[in-house]
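The structure under discussion appears below in the form of structure tokens.
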Protein chains: 2
Amino acid sequence: MALQSDFFPFYVTVDVVVLTLREDVLHVLLVERGSKPYLGELALPGGFVQPTEDLEPAALRELREETGISLRPRYLEQLSSYGAPDRDPRHRTISIAYLAVLPRLPEPTAGTDARAAGWYSLEEVADRALAFDHRDILEDGLERARAKLEYTSLATAFCDPEFTVAQLRRVYEAVWGRPLDPGNFHRKVLASPGFVEPTGRVRSGGRGRPSQLYRAGEAAVLHPPVLR
Amino acid sequence: MALQSDFFPFYVTVDVVVLTLREDVLHVLLVERGSKPYLGELALPGGFVQPTEDLEPAALRELREETGISLRPRYLEQLSSYGAPDRDPRHRTISIAYLAVLPRLPEPTAGTDARAAGWYSLEEVADRALAFDHRDILEDGLERARAKLEYTSLATAFCDPEFTVAQLRRVYEAVWGRPLDPGNFHRKVLASPGFVEPTGRVRSGGRGRPSQLYRAGEAAVLHPPVLR
DNA sequence: CGCTATATTGTTATCCTGACAATAGAAACG
DNA sequence: CGTTTCTATTGTCAGGATAACAATATAGCG
């Protein structure tokens, strides 16, 4: 490592890719920027890391401040860091990106430094430009989510505390973007120990045969995995 | 994102976990620190990112400056970032860690800011303390390598341009720390399209039946994978 | 009551795997 | 030289996982 004379001041930010399911469609949480640069454009929630703050708490704080979402995410992991010299037109800025997954939530509320916050389906965000390199970060987050569905229990983080196998299947279908065979999926989920645990209750109300309710099991890694 | 008044100066460094195989044993490249803090202790090669330098070039430059290794790694990917407020006793420092994999190389030479550089087997480094949180970074790099062997062609990055299936198997055995069935491994490697391509040549000299020589194929992802 | 929709369970041919046996071809040994 | 030894490569086979698809279960609805 070099001497202090090598010092050059970097800005350090955290940005969060928050994914959820709304009406069986994958949505991402975006804010409308309330300050320059990229004022008024869509961006991932995020902001500067404070002097004595660790990275993960900074991600949660910015999420809360900019969108009003203060629930502890069911799932939060570091995604990657982005540090191209020109990624911020003003300063040399490094961003550490996080991936968070939440069950369906009420509408977010705009907060500090954001004029608006809301859920956007991937389809409606496909056309629109995102601030900075947030398009790259979003794509990396989606790819990470797609991969993690295979061999971890990430899918349960999209669900309410109690859920049916069909609801879990719709998570996979939304994230992977293709239909899955209900019968085979049902068997594979129940064959993976610790993925889901039956609650004994059944879901009433819906059409068709009532379904068993499950909660997330203890397993974080799936054996066998649910292959794409 | 916040206003400029939020600015707080961060130091930003890159650290590299360089793995290779020497005598069929997994080794990691470490330097003996030549400056404070942790003067004289073992550390991953790395250092400060320059003002207009992207992260990956910074990792390669520090690797070259501190160890004399200027070969383009056969494999280089970002690992994770580390930003605990107290990870550097002097300043608030964020480190972006990279994982690199190389075939067997000559001894490294100590360079700037490093009193010595050398290959250390994981066994001999198990006891010794590493500077900063480099123990955590090393463990994360090893776990990433173990996982990537399963479903990518990472293992070929440990090998010379031409290699035998047995040499490839010894990569897996060294990284996973357990023996594999030679027959089953042989079949699985050849059954994964694009993993290896035959060169037509055979390796002479060794004991036993001569083996076919292969080169790395085009595939980056393995279908089917080589499961642990 | 029959229809429809969804959940759940079966069936089956195929593929992949691990354990282990068998064969191939060179060097080492006596 | 013939035999042994060592490693590479191929073969066998039972068990588990998969996909495609069929069959059954059980609710709401007209």
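A note on names: the letters A, B, ... follow the listed sequences, proteins ahead of strands, and every chain is numbered from 1.
Between B/His186 and D/dA8 there is no side-chain N or O to OP1 or OP2 distance below 4.0 Å. Residue B/Arg169 places at least one side-chain N or O closer than 4.0 Å to OP1 or OP2 of D/dA8.
Between A/Tyr172 and A/Trp176, the angle of the ring planes goes over 60°, which puts this pair in the perpendicular group of the 30/60° scheme.
Straight-line distance from the CG atom of B/Leu227 to the P atom of C/dA19: 14 Å, rounded to whole Å. Atom-to-atom, CG of B/Leu190 to C1' of D/dT9 comes out at 9 Å; the value is rounded to the nearest Å. Atom CG of A/Asn184 and atom C1' of D/dA17 are 11 Å apart (whole Å). In this structure, A/Gln212 atom CD and C/dT6 atom C1' are separated by 14 Å, rounded to whole Å. Rounded to an integer number of Å, the gap from B/Arg203 CZ to C/dA24 P is 21 Å. Distance, B/Asp181 CG to D/dC13 P: 17 Å, rounded to whole Å. Per the geometry, NZ belonging to A/Lys188 stands 18 Å off P belonging to D/dG16, to the nearest Å. As rounded to whole Å, 8 Å separates atom C1' of C/dG10 from atom CZ of A/Arg187.
Taking every heavy atom of both residues into account, B/Ala157 and B/Arg74 meet most closely at CB-CB, 3.7 Å.
Among the heavy atoms of the strands lying under 4.0 Å from A/Ala166 are primed sugar atoms or P, OP1, OP2 only; no base atom is included.
Remark on DNA chain D: of its neighbouring residues B/Pro210 and A/Val226, the 5'-side contact belongs to B/Pro210, judged by nearest-heavy-atom nucleotide.
Around CZ of A/Arg228, the count of heavy atoms belonging to other residues, nucleotides or ligands within 6.0 Å exceeds 12.
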A/Val175 vs A/Phe158, side-chain contact (heavy atoms from CB on, under 4.5 Å): CA-CA, chis, key distance, verdict: CA-CA 10 Å; A/Val175 177; A/Phe158 283 93; 4.1 Å; yes

